[in-house]
Asks: 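Got a structure here, written out as structure tokens. Questions coming.
Within every chain, numbering begins at 1; the chains are lettered A, B, ... in the order of the sequence lines, protein sequences first and strands thereafter.
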Number of protein chains: 2
Amino acid sequence: MSKRTPQAGESAELKEETRELKPKERIQAVGERMFAEEGFEAVSVRALTSAAQVNVASLHYHFGSKEGLLEAIFAARAKPIAEARLAMLRECRAGPDRPPLLNQLLEAFLRPALTFGEDDRFGGSVFARLRARLAVAPQEFSRRVLGSAFDESSRAFIDSLTRALPDLPRRELEWRFHFLLGTMVYSMADGGRIQSITDGACDPSDGEETLRHLLPFLVAGFRADIPEPGSGS
Amino acid sequence: MSKRTPQAGESAELKEETRELKPKERIQAVGERMFAEEGFEAVSVRALTSAAQVNVASLHYHFGSKEGLLEAIFAARAKPIAEARLAMLRECRAGPDRPPLLNQLLEAFLRPALTFGEDDRFGGSVFARLRARLAVAPQEFSRRVLGSAFDESSRAFIDSLTRALPDLPRRELEWRFHFLLGTMVYSMADGGRIQSITDGACDPSDGEETLRHLLPFLVAGFRADIPEPGSGS
DNA sequence: GTCTATAGCTGGATAGAC
DNA sequence: GTCTATCCAGCTATAGAC
């Protein structure tokens, strides 16, 4: 319930990294950060443009609407991530292990998402939070944006995983891929639950550290024995 | 017990399960469903009270505010789930296996969350979606509500898991518990990603089915080899 | 306890001068 | 392309009759 009220001394509010950008890029950078930190629906166009030190009309001029801005932010970030994924996947396939090891495939899928832009001062892990929120959002709009950005690379990885785990039925592999997405998205969302439970000892916002703990966990999970067939599948 | 005769067409809007409830309970039931399906911030008090066929003032009379309604919904659902968890935990401890098997502990933790009220016509899996959304919400308010409801039972389970996995360092166990939460929350959120990728073959909204696939996956994950120590821990 | 009416704002979006 | 002024639909919450 914290609505910011930007008043005098506003330029102090501008983050260093956005100060030298042109208005359009500034709106995009500030929007990414605010949407990630407060949630898309909780951020008003007024608050956003005020923080970016542009007038309200500027947002509509450059992006058409608030939703248009979100799509632009997403388009700019998702493509590099999906490309990095597929590049790492190609490296796996070109490597000495045929088919690529499970561990290599999982890392190729997860590393771009979890560490993208962590050394990028323009907000890599910021985008991770935004993306995670969208991943569980109910609005059809959010799902469309997310699906069109990542469904393709997800399918490619499921196919590769099939070859790395030839004895695992595809249906089971899909379930496990779903669980993988859960661990990834939940870590990216940085909801603060595990910090609260462990008094800050675990920090999922550190992508490298998360990967280090997550990969062995997932490798073992993907290699688990197949459960008894049930009525539902 | 309706004192007034429903007008033609009017009662058709009300879902069957809410028709015989008193206004206060009706607001709560409709609120739970709408918050879960559309998101807390996307539902207006007007739309909610209109769907529940009460006047706007009624919501504020009974719950004080929109946030008050959410807290009431949460209080009503979270307590039974946390209690079911602890009851199943006690059963584990009283069982023949000492300490309880990993599989038993994980099921005791997950089953109440994933299947609670699935045969309950008043919306058990509805609440699961609501809860999952809150779990990744950025607002401090959401985190407070969720933490006060579930942090205690989470800590109790971490302690029990420690005894079931005596060779696993506590820090590592906490990370794996975090990943467990991720798989649980992501399944409950029912974001539709895996349905989209697999053309509907996997259905995480089926709690029993999810459990059947999830438990072996998590058991293996918790038993994975410990990763190399890194600089960060 | 239930309702109507409305207060008091804030929301996204735009018109039109410059 | 940038800005101010403005539209008006929408919001939460409340006052006050019944």
Side-chain angles (χ1 to χ4, degrees), chain A residues 1-8 10-11 14 18-32 34-35 37-73 137 139-142 145, chain B residues 1-7 10-11 13-14 18-31 34-35 38-73 137-139 141-142 145:
Chain A
M1 189 47 111
S2 59
K3 298 236 164 82
R4 40 170 264 107
T5 2
Q7 294 295 340
E10 244 176 67
S11 64
L14 258 189
T18 62
R19 196 169 289 163
E20 306 215 339
L21 295 178
K22 285 187 239 172
K24 182 174 178 180
E25 281 78 33
R26 213 159 61 219
I27 295 170
Q28 203 161 326
V30 171
E32 182 176 25
M34 292 185 75
F35 289 159
E37 287 175 0
E38 305 172 36
F40 178 74
E41 306 191 280
V43 175
S44 72
V45 170
R46 291 164 133 86
L48 200 164
T49 52
S50 167
Q53 293 193 10
V54 297
N55 60 81
V56 277
S58 179
L59 187 151
H60 294 100
Y61 175 80
H62 289 294
F63 301 100
S65 69
K66 192 182 165 187
E67 289 198 347
L69 171 58
L70 181 61
E71 286 186 290
I73 290 168
Q139 281 78 17
E140 188 273 339
F141 163 70
S142 317
V145 170
Chain B
M1 292 315 162
S2 58
K3 41 190 78 165
R4 69 192 190 81
T5 317
Q7 304 293 331
E10 198 179 320
S11 61
E13 302 259 351
L14 267 185
T18 61
R19 194 171 292 163
E20 307 215 338
L21 295 178
K22 284 188 242 173
K24 183 174 178 180
E25 282 78 33
R26 212 160 63 219
I27 295 170
Q28 202 161 328
V30 170
M34 292 184 77
F35 288 158
E38 304 171 38
F40 178 74
E41 307 192 275
V43 175
S44 71
V45 170
R46 290 158 129 86
L48 201 165
T49 52
S50 165
Q53 294 193 10
V54 297
N55 59 81
V56 277
S58 179
L59 186 150
H60 295 99
Y61 176 80
H62 289 294
F63 300 100
S65 69
K66 193 181 166 187
E67 289 197 348
L69 172 59
L70 181 62
E71 286 187 290
I73 290 168
Q139 281 78 17
F141 163 72
S142 318
V145 171

Asks: If only side-chain N and O atoms of Ser44(A) are considered, is one of them under 4.0 Å from the OP1 or OP2 phosphate oxygen of dT10(C)?
Replies: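 Answer is no, no contact under 4.0 Å.
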Asks: To the nearest Å, how far apart are Leu59(A) CG and dG1(D) C1'?
Replies: 14 Å
Asks: Hey, does Val56(B) reach any base, or is it just sugar-phosphate, or nothing, if we go heavy atoms under 4.0 Å?
Replies: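 Here Val56(B) touches the bases of the nucleic acid.
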Asks: Among residues at least two apart in sequence or on other chains, which ones pass side chain to side chain contact (heavy atoms under 4.5 Å, CB included) with Val43(A)?
Replies: Met34(A), Phe35(A), Glu38(A), Leu48(A)
Asks: Examine dT14(D): is either OP1 or OP2 under 4.0 Å from a nitrogen or oxygen in the side chain of His60(B)? Give yes or no.
Replies: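 Answer is no, no contact under 4.0 Å.
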Asks: Among dC11(D), dT6(D), dA5(C), which is the nearest nucleotide to the side chain of Arg46(B)?
Replies: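 Looking only at heavy atoms from C-beta outward on Arg46(B), the closest nucleotide is dC11(D).
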Asks: Whole angstrom is fine here: how far is it from CG in Asn55(A) over to P in dA15(C)?
Replies: 15 Å
Asks: Only counting residues at least two apart or in another chain, list the ones meeting side chain to side chain contact (heavy atoms under 4.5 Å, CB included) with Ser44(B).
Replies: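 By the side chain to side chain contact (heavy atoms under 4.5 Å, CB included) rule, Ser44(B) matches Arg46(B), Ala47(B).
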Asks: To the nearest Å, how far apart are Lys24(A) NZ and dG1(D) P?
Replies: 8 Å
Asks: What's the CZ-C1' distance between Phe40(A) and dG12(C), to the nearest Å?
Replies: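 Going from Phe40(A) (CZ) to dG12(C) (C1'), I get 11 Å.
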Asks: Name all residues meeting the side chain to side chain contact (heavy atoms under 4.5 Å, CB included) criterion together with Thr49(B); count only those two or more places apart in sequence or in a different chain, and write none if there are none.
Replies: Val45(B), Val54(B), Val56(B), Leu59(B)
Asks: In this structure, how many angstroms lie between the C1' atom of dT12(D) and the CD1 atom of Ile27(B), rounded?
Replies: 15 Å
Asks: Let's see if you get this right: which residues in residues 61-72 of chain A place a heavy atom under 4.0 Å from DNA chain D?
Replies: Tyr61(A), His62(A)
Asks: What residue pairs, at least two apart or across chains, pass ring pair (Phe, Tyr, Trp, His ring centres under 6.0 Å) with a residue in residues 52-72 of chain A?
Replies: none
Asks: Applying side chain to side chain contact (heavy atoms under 4.5 Å, CB included), name anything that partners Ala57(A), two or more places apart in sequence or on another chain.
Replies: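 Checked Ala57(A) against side chain to side chain contact (heavy atoms under 4.5 Å, CB included); matches are Asn55(A).
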Asks: If I compare all heavy atoms of Phe40(B) with all of Lys66(B), which pair ends up nearest, and what's the gap?
Replies: O-NZ, 3.1 Å
